[in-house]
Amino acid sequence: MLTFKSRWIVGALGVVMGATGAKLWCGHQYPGRPLFVTVANLREETIPLLKIEHGNDLSQEKILLTQLRAGETRIITLNHEPGKGYSVEAQLADGKKVEACVGKLSERWVNRVIITGNGIFSKD
């Protein structure tokens with residue numbers, strides 16, 4: 001027969017082992033840290049469509065931003081690591097496209113992409 005103290009010890013040990021197992025399982029299942037990208041439209045007109053793409057040998061991701069107004073800033077997240085680069089393509093109202101590959105030199109988890117009348121720039 002187990003005494004009260006033995007039951008308490010077995011119960012506490014079970015809780016600790018359960019919490020440790022849950023933490024290991026969730027840590028294994030949880031996706032990686034996101035890369036945050038601040039996109040700023042410094043043009044004088046709305047950008048109807050903005051595409052951001054990146055990939056690796058196992059996955060490909062495409063994010064579409066629509067109707068990015070003049071002066072507007074949006075924050076998006078990418079399932080990507082800093083320094084691996086991603087492409088940004090702005091389809092302008094007059095039908096022209098402006099594109100750039102940015103983020104290749106960044107070691108930060110927060111990037112800034114600026115779209116101006118002169119092109120697309122990254123402040124990494």
Side-chain angles (χ1 to χ4, degrees):
M1 200 154 212
L2 293 175
T3 64
F4 176 74
K5 184 177 181 182
S6 298
R7 288 181 187 176
W8 190 87
I9 291 172
V10 169
L13 185 59
V15 168
V16 168
M17 288 177 61
T20 303
K23 181 175 177 154
L24 289 173
W25 183 79
C26 288
H28 179 66
Q29 300 294 321
Y30 190 77
R33 185 175 174 185
L35 174 66
F36 293 95
V37 180
T38 302
V39 180
N41 179 8
L42 299 184
R43 297 178 63 90
E44 294 181 5
E45 70 271 353
T46 296
I47 298 173
L49 183 63
L50 185 75
K51 288 194 272 188
I52 298 174
E53 294 186 71
H54 69 85
N56 57 34
D57 55 342
L58 301 175
S59 66
Q60 180 74 28
E61 184 177 36
K62 179 192 291 188
I63 296 176
L64 301 175
L65 300 177
T66 59
Q67 301 303 316
L68 188 62
R69 294 183 307 266
E72 183 180 5
T73 299
R74 294 189 196 170
I75 300 173
I76 61 167
T77 58
L78 303 179
N79 296 320
H80 205 48
E81 293 181 28
K84 294 200 173 183
Y86 47 94
S87 66
V88 178
E89 179 185 297
Q91 294 182 0
L92 305 176
D94 61 4
K96 293 181 182 176
K97 293 182 184 179
V98 180
E99 56 187 304
C101 186
V102 297
K104 287 183 179 178
L105 303 176
S106 176
E107 295 179 8
R108 299 180 183 176
W109 285 94
V110 177
N111 291 171
R112 183 175 173 136
V113 174
I114 302 167
I115 304 165
T116 69
N118 294 324
I120 299 173
F121 302 96
S122 177
K123 283 186 110 176
D124 300 333

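Residue numbers run from 1 in the order of the sequence given. Everything quoted here is computed from the prediction, not taken from an experiment.
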TODO: Test Asn41 against Leu50 for side-chain contact (heavy atoms from CB on, under 4.5 Å), laying out the working first.
DONE: CA-CA 10 Å; Asn41 179 8; Leu50 185 75; over 6 Å; no
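- Every residue meeting the side-chain contact (heavy atoms from CB on, under 4.5 Å) condition with Phe36, not counting sequence neighbours, appears here in chain and number order: Pro34, Ile75, Thr77, Val110.
- Across Ala93 and Pro48, no two heavy atoms sit closer than the pair N-CD, 3.6 Å.
- Residues satisfying the side-chain hydrogen bond (donor to acceptor under 3.5 Å, both in side chains) criterion with Gln91, sequence neighbours excluded, are Glu89.
- Think of Ile114 as one node in a network of Ile, Leu, Val, Met, Phe, Trp and Tyr side chains linked at under 4.5 Å; its network also takes in Leu42.
- Between Tyr86 and His80, the closest heavy-atom pair is CD2-CD2, 4.3 Å.
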Please list every donor-acceptor pair under 3.5 Å in which a side-chain atom of residues 61-70 meets a protein atom from a residue at least two apart or in another chain.
unit_1, atom_1, unit_2, atom_2, d
Glu61, OE1, His54, NE2, 2.4
Glu61, OE1, Asn79, N, 3.1

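- Phe121 is not connected to Val39 by any chain of hydrophobic side-chain contacts under 4.5 Å among Ile, Leu, Val, Met, Phe, Trp and Tyr, and they are in different clusters.
- Looking at Val102 and Val37, their side chains never come closer than 4.5 Å, going by heavy atoms from C-beta outward.
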Open item on the list: Is there a salt bridge (charged side-chain N to carboxylate O under 4.0 Å, His left out) between Glu72 and Arg74? Walk through the geometry before answering.
Closed with: CA-CA 7 Å; Glu72 183 180 5; Arg74 294 189 196 170; 2.9 Å; yes
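- Taking both residues in full, the closest heavy atoms of Lys104 and Cys101 are given as CE-SG, 3.4 Å, listed atom of the first, atom of the second, then distance.
- Every side-chain contact (heavy atoms from CB on, under 4.5 Å) that Leu92 has, sequence neighbours left out, goes to Arg43, Ile47, Ala90, Asp94, Lys96, Val98.
- Around CH2 of Trp109, the count of heavy atoms belonging to other residues, nucleotides or ligands within 6.0 Å exceeds 12.
- The line from NZ of Lys97 to NZ of Lys51 is 5.5 Å long, rounded to the nearest 0.5 Å.
- Note: Ile52 CD1 to Ile76 CD1 = 3.0 Å, rounded to the nearest 0.5 Å.
- When hydrophobic side chains of Ile, Leu, Val, Met, Phe, Trp and Tyr are connected at separations under 4.5 Å, Met17 ends up clustered with Leu13.
- Ser122 approaches Gly103 most closely through the heavy-atom pair OG-N, 4.1 Å.
- Pro82 places none of its side-chain heavy atoms less than 4.5 Å from the side chain of Asn111.
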